[in-house]
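Shown next, in structure tokens, is the structure this report addresses.
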There are 2 protein chains.
Amino acid sequence: MTAATTPPARTGRPAKRVAIDRAARVVFGREGYIRASVDSIAAEAHVSKRTIYNHYQDKEQLLLCVLKESTHAVAEHQEELIDRHLASPVDLEAELVALGCALATPQSGFKEHFALVRVIFAEASRLPGEVTDSWRTEGPGRTQARLARHFATLSAAGRLRTDEPQEAAAHFTQLVTSEAYERSFHGALPLPADELEALVTAGVRAFLRLYGARS
Amino acid sequence: MTAATTPPARTGRPAKRVAIDRAARVVFGREGYIRASVDSIAAEAHVSKRTIYNHYQDKEQLLLCVLKESTHAVAEHQEELIDRHLASPVDLEAELVALGCALATPQSGFKEHFALVRVIFAEASRLPGEVTDSWRTEGPGRTQARLARHFATLSAAGRLRTDEPQEAAAHFTQLVTSEAYERSFHGALPLPADELEALVTAGVRAFLRLYGARS
DNA sequence: GTCTATATGAGGATAGAC
DNA sequence: GTCTATCCTCATATAGAC
């Protein structure tokens, strides 16, 4: 796992490529970087191993590329979630709880993405710095920014009370999602739904004690 | 990495054993479970590989044993930190900031312990459930409990305001340490001291808005 | 797509040294 | 009877050759 700046080779049929990417996401997520063999990725993709090396320079480039795609997909999904819950909330507390639950657990088809993030954490010290940096800005950074925008709007509308929406967003993440995230080992182990809801609800209440409009 | 209930063999010279344990902690922490070879652990310990297998049944048992010791050492160290800062604080806010900084960064000789915890996260889904459970109760659980006890005392003395010290302890951890923890990839990458202090200070201020005596 | 070169790992076995 | 050194087997990996 040394720094490698070479871009992925852009050859081969795109249909194969998406199959490879999907398979790599699944297998890397399930096995971790070292354990995931290129053979098993090829099998999962119903593709020859040679085809993988035809599309990607080596195993590390494959991980990095899949990670980038995955990061974007999750960021978009989370931005949607945030918009859906905070665009025009009737019961703000309820919406915050629902949003918190959604953000704190690997969502529907996104389990592999969370697993990939675990791989980044495990490999962080061996990954090129640009990779970890760009993951943070393109991933959690975008989510945080979107939260902050909504909090600013809600504050202007008198639904929240903060003149530092960035900080409020950070505190929301910390109070509402971080414990569930840690408790489930970053989504690796299941957290009972009732426990999750209890954690999130307690977090939202604390958040509203800090930033709620009427208190 | 399957469940293994056999206890480690209690043979061999204790001096060798501590060398092995230290080496395993270092190498597992530096390389991760899969990458760390028993050969390299033996080299680091200046011990024959055969000797390792004389003391431990297999590689997994070695990890588990080292993890347990490491967990206790860190928990004790963190309990001491908490006592030192919260036993009789003059300037409570300053003490909370100092404590937060100390808790949020791998301390003096404990870098390898944090690295080991990263290994647990990476391997969580492949580890026996008792292992992850006991890590939580013997590690973070103890820290949290000690925090809660002090918060209860401080509350009784009128220095804080909470009748749920457990929850206050959770919120302290979340607000003060969780972001630094995530930002540094669980201690894998260095976080500039000024950034750390900024994060912790902001967290403590929010904590005191929630639980401070006079507000 | 299969086949191969090369390397590296776990864990056991054997030898001898103190 | 514990430790060291060395070799062995078997499995599995990457990456390239055919």
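In the text below, chain A, chain B and the rest are named by the order of the sequence lines, each starting its count at 1.
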Members of residues 43-51 of chain B that approach DNA chain C, where some heavy atom sits under 4.0 Å away
Lys49(B), Arg50(B)

Once you round it to whole Å, what is the distance between [atom2] of [N] and [atom1] of [X]?
X	N	atom1	atom2	value
Glu31(A)	dT14(D)	CD	P	12 Å
His55(A)	dA15(D)	NE2	C1'	17 Å
Ile34(B)	dT12(D)	CD1	C1'	12 Å
Asp39(B)	dT6(D)	CG	P	12 Å
Leu62(A)	dA15(D)	CG	P	11 Å
Tyr53(B)	dT14(C)	OH	P	17 Å
Lys16(B)	dA5(D)	NZ	C1'	13 Å
Asn54(A)	dG1(C)	CG	P	12 Å

Ring-face cation of Lys59(A) near Phe28(A) (centre distance under 6.0 Å, axis angle within 45°)
no

Testing dT14(D), dC3(D), dA10(C) for proximity to the side chain of Ser37(B), the answer is dA10(C)

Using the criterion of both pairing distances under 3.5 Å for Watson-Crick and G-U wobble pairs, give all stems of 3 or more consecutive pairs involving DNA chain D.
C:1-16 with D:3-18

Output yes when a side-chain donor or acceptor of Arg118(B) lies under 3.5 Å from a complementary backbone atom of His186(B), and no otherwise.
yes

Electrostatic pair [X]:[Y] at N-O distance under 4.0 angstrom:
X	Y	value
Arg35(B)	Glu123(A)	yes
Glu69(B)	Arg25(B)	no
Arg126(A)	Glu60(A)	no

Assess the pair Tyr211(B) and Phe207(B): is the distance between their ring centroids shorter than 6.0 Å?
yes

Just verifying a value: how many Å separate Thr71(B) OG1 and Leu67(B) CG, rounded to the nearest 0.5 Å?
4.0 Å

For Ala36(A), answer base if it contacts any base atom (sugar-phosphate contacts may also be present), sugar-phosphate if it contacts only those atoms, and nothing otherwise; contact means non-hydrogen atoms under 4.0 Å.
sugar-phosphate

Taking all atoms of both residues into account, what is the closest heavy-atom pair of Leu154(B) and Pro89(B), and its distance?
CD2-CG, 4.0 Å

Without hydrogens or angle criteria, can the side chains of Thr173(A) and Gln144(A) be said to hold a donor-acceptor pair below 3.5 Å?
yes

